[in-house]
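Notes for the one structure printed next.
Quick note on labels: first sequence line is chain A, next is B, and so on, each numbered from 1. Since this is a predicted model, take the numbers as computed values, not measurements.
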There are 4 protein chains.
Amino acid sequence: MGRKQAFTKSELLDQTKKVLLEHGYEGFQLKLLSRGLAGARSTIYQYYANKEEIVAACMKRVMENVLHKVSAIDDSDCMNALQQLLTVYMEEANFHQLLGYAHKINKANSAAAAHDLEFIEQAHVTLKQQLERLFVRAQEEGHLNTSIPLPAIIGVFFNLIDTPNMMNIPIPQWSKLLYQIWLGGAGRL
Amino acid sequence: MGRKQAFTKSELLDQTKKVLLEHGYEGFQLKLLSRGLAGARSTIYQYYANKEEIVAACMKRVMENVLHKVSAIDDSDCMNALQQLLTVYMEEANFHQLLGYAHKINKANSAAAAHDLEFIEQAHVTLKQQLERLFVRAQEEGHLNTSIPLPAIIGVFFNLIDTPNMMNIPIPQWSKLLYQIWLGGAGRL
Amino acid sequence: MGRKQAFTKSELLDQTKKVLLEHGYEGFQLKLLSRGLAGARSTIYQYYANKEEIVAACMKRVMENVLHKVSAIDDSDCMNALQQLLTVYMEEANFHQLLGYAHKINKANSAAAAHDLEFIEQAHVTLKQQLERLFVRAQEEGHLNTSIPLPAIIGVFFNLIDTPNMMNIPIPQWSKLLYQIWLGGAGRL
Amino acid sequence: MGRKQAFTKSELLDQTKKVLLEHGYEGFQLKLLSRGLAGARSTIYQYYANKEEIVAACMKRVMENVLHKVSAIDDSDCMNALQQLLTVYMEEANFHQLLGYAHKINKANSAAAAHDLEFIEQAHVTLKQQLERLFVRAQEEGHLNTSIPLPAIIGVFFNLIDTPNMMNIPIPQWSKLLYQIWLGGAGRL
DNA sequence: TATGAATGAGCCTTCATTCAT
DNA sequence: GATGAATGAAGGCTCATTCAT
């Protein structure tokens with residue numbers, strides 16, 4: 001009964017992510033959102049009660065994707081696991097950047113948004129711990145240069161994600177290449 | 001003689017940079033700008049005709065600083081020059097990030113802004129060429145691993161700039177450390 | 001036979017009255033209306049073409065009730081008739097208040113609403129005349145203090161209806177009590 | 001310095017009261033407010049941060065007026081004091097009605113509004129106590145009919161305020177007339 | 001010149017009403 | 001007939017920009 005939906009919740013969140021990455025959190029406007037959807041601006045309110053909830057839901061979904069992919073990684077070999085982790089983060093484009101917006105969301109406006117953010121925060125902590133454990137193992141197993149402080153190693157590793165892929169190399173290979181640079185350096189062997 | 005000067009152009013641009021980095025381009029508001037300035041919001045229009053011009057002027061100034069510092073680098077030893085370049089970019093905090101906002105500025109609104117952006121664009125190209133020349137030299141002189149495509153090496157190098165400095169190591173040392181990781185890798189030698 | 005009846009016209013008007021008294025005319029919203037009804041908001045339009053018609057119909061029904069009850073009053077004894085009138089108006093809770101909203105309804109929007117309002121207006125006039133005749137008779141029969149202008153006496157009498165019943169005395173007794181105060185005053189005899 | 005104000009805070013509150021009485025709380029719109037002012041709608045925000053604050057401030061001012069006038073009443077003779085109280089409430093037109101809107105204001109939206117409402121609430125309690133004391137004294141001094149419950153007497157007294165003044169009798173006389181009806185009744189002596 | 005005040009354009013959100021199943 | 005979904009027209013509020021002192 002009733003009409004058929006102009007767009008699905010999933011389409012809405014897809015577009016949300018797109019607009020968010022293109023215009024940043026402060027530049028996120030419902031006008032831009034609806035522009036990329038097959039329906040009017042006010043229709044958005046069928047799904048979410050306000051702007052904040054939309055953004056929070058979008059972030060939550062991205063986080064869930066990442067958690068899902070990460071949980072599928074075999075971490076028996078820690079170096080291999082790191083390589084795969086890097087790939088996952090790269091595939092889940094701009095996961096990193098999106099998370100940076102999380103703290104800007106005004107929780108006071110919406111309980112639902114606050115709840116989603118809580119989830120994201122929790123997951124974030126979990127991911128970090130998992131990652132740190134991998135790095136510690138890598139160090140203990142003698143794969144890393146012990147003269148470099150671990151936080152620096154981790155920071156550089158993470159930052160690889162945002163390296164601009166000028167040559168448009170497919171993500172799996174691009175990820176492998178960056179991993180090699182990170183581990184072996186850019187200098188002559 | 002009139003009234004006393006409320007704030008100088010330079011103070012205005014300092015504050016512009018601060019607000020820009022804190023709130024992003026889309027979150028840049030004149031209210032935030034004047035809040036950190038010793039004068040009224042409307043006084044800003046004594047210096048610039050609109051928002052776009054302010055941001056463009058700010059970026060231009062940052063670019064000029066970078067150009068100035070870069071031009072002082074001795075590039076007889078290309079590897080040393082690269083190391084120094086990295087330091088300069090890091091010192092000129094968030095130069096990279098600011099430049100990312102450049103393409104968001106609406107040039108249609110102001111000829112002055114368009115002019116400044118033109119300058120920035122030009123300088124950007126120049127810097128890139130200079131950098132590339134250094135990298136080519138580095139490769140020719142056998143400092144780099146030839147099995148890695150140069151664009152990837154450059155991309156990673158540049159991305160180092162944004163690596164979060166969790167341990168708050170002073171910039172010159174932090175720069176040196178990142179340079180080492182980049183060149184030698186994070187793995188065991 | 002189609003679908004089952006979601007709610008009757010009468011239920012709709014009951015709920016209309018409730019919402020109207022709770023939120024006032026300007027606060028009357030279809031969302032609040034359907035919330036207390038066993039059916040969807042859009043179903044309301046099966047009965048009435050727009051908001052104005054609903055409110056007008058509600059008022060008309062209340063007025064009809066009052067007319068009905070009033071016509072049953074035996075007015076051979078005018079003082080007794082007045083007492084009974086007061087009771088009727090009080091039973092027909094907030095009749096008075098509802099009528100106050102009548103002039104706010106935008107007739108331009110709906111012929112049906114305009115028609116109902118016409119009826120209400122007419123009935124209102126009739127009731128007033130009837131009442132006035134009763135008061136005139138009461139005065140002529142010497143029941144009222146002739147040193148007080150009749151309009152003042154009538155005004156006070158009518159206003160009794162809205163006296164807050166803090167002690168929750170049952171309406172018939174409450175009505176009788178107010179009638180006594182009105183007639184005999186609050187002062188020592 | 002700067003331009004001269006389009007309207008004063010006081011004018012704003014005057015108009016607020018007018019619109020509030022004409023359209024009720026739910027019908028109170030900034031458009032209606034600015035329509036009666038010599039300035040644009042957005043100018044209102046120079047004085048108050050939102051709708052709620054405006055309404056709360058308006059009510060507070062009315063309450064302050066009432067408190068001021070009430071405090072000037074000589075209550076050595078309680079019956080005389082009651083008569084004067086009635087006049088005050090009538091002069092401060094629709095004070096009663098306005099107060100009825102107080103509980104509809106959404107305090108969550110504004111600390112300033114909540115603060116004003118706190119004041120109003122407090123003053124309301126004080127006024128009520130003062131009034132009750134007067135009535136108790138009146139009863140003890142034997143001015144009132146002891147066979148009528150005091151709350152009913154008080155309720156009727158208060159309700160007099162809203163009696164429609166059809167003949168447009170000047171307020172002091174109108175008040176006196178109502179007081180007489182209340183005390184002595186409308187019936188033949 | 002410096003600025004306090006004014007303001008219109010634009011954004012978020014709500015709501016009566018219409019559509020299409 | 002009943003309804004879930006769609007939507008444009010407003011209303012509250014903010015902000016860049018202009019005015020007038």
Electrostatic pair D:D14-D:R61, nearest N-O below 4.0 angstrom: yes
NZ/NE/NH1/NH2 to OD/OE distance under 4.0 Å, B:K60 and B:E53: no
First encountered from the 5' end of DNA chain E, between C:Q29 and A:R3: C:Q29
Strand contacts (DNA chain F) in residues 39-57 of chain A, 4.0 angstrom heavy-atom criterion: A:G39, A:A40, A:S42, A:T43, A:Q46
Residue whose closest nucleotide on DNA chain F lies nearer the 5' end, B:K31 versus C:F7: C:F7
First of B:F28 and A:A38 reached from the 5' end of DNA chain F, by closest nucleotide: A:A38
Base-paired stems in DNA chain F, each at least three Watson-Crick or G-U pairs under 3.5 Å: E:2-21 with F:2-21
Side chain proximity check, C:L98 to C:Y101, heavy atoms < 4.5 angstrom: yes
Student check: side-chain heavy atoms of C:Q15 and C:E11 closer than 4.5 Å: no
May I have the distance from [X] (atom [atom1]) to [N] (atom [atom2]), rounded to whole angstrom?
X	N	atom1	atom2	answer
D:R35	F:dA10	CZ	C1'	12 Å
A:Q5	F:dT3	CD	P	19 Å
C:L37	F:dG4	CG	P	13 Å
A:N106	E:dT13	CG	P	11 Å
B:H23	F:dA16	NE2	P	12 Å
D:L33	F:dC13	CG	P	12 Å
A:L30	E:dT13	CG	P	6 Å
A:K4	E:dC19	NZ	C1'	12 Å

A:E52-A:N109 side chain donor-acceptor pair, cut-off 3.5 Å: yes
Tabulate below the donor-acceptor pairs under 3.5 Å that side-chain atoms of residues 25-42 of chain C make, not counting sequence neighbours, or state none.
unit_1, atom_1, unit_2, atom_2, d
C:E26, OE2, C:K104, NZ, 2.3
C:S34, OG, C:L30, O, 3.4
C:S34, OG, C:K31, O, 3.2

Spacing of B:L117 atom CG and B:I105 atom CD1 [to the nearest 0.5 Å]: 4.5 Å
Exercise: identify the closest heavy-atom pair between B:V62 and B:K17: CG2-CD, 4.1 Å
B:L12 vs B:Y48, side-chain contact (heavy atoms from CB on, under 4.5 Å): CA-CA, chis, key distance, verdict: CA-CA 10 Å; B:L12 202 171; B:Y48 297 103; 4.1 Å; yes
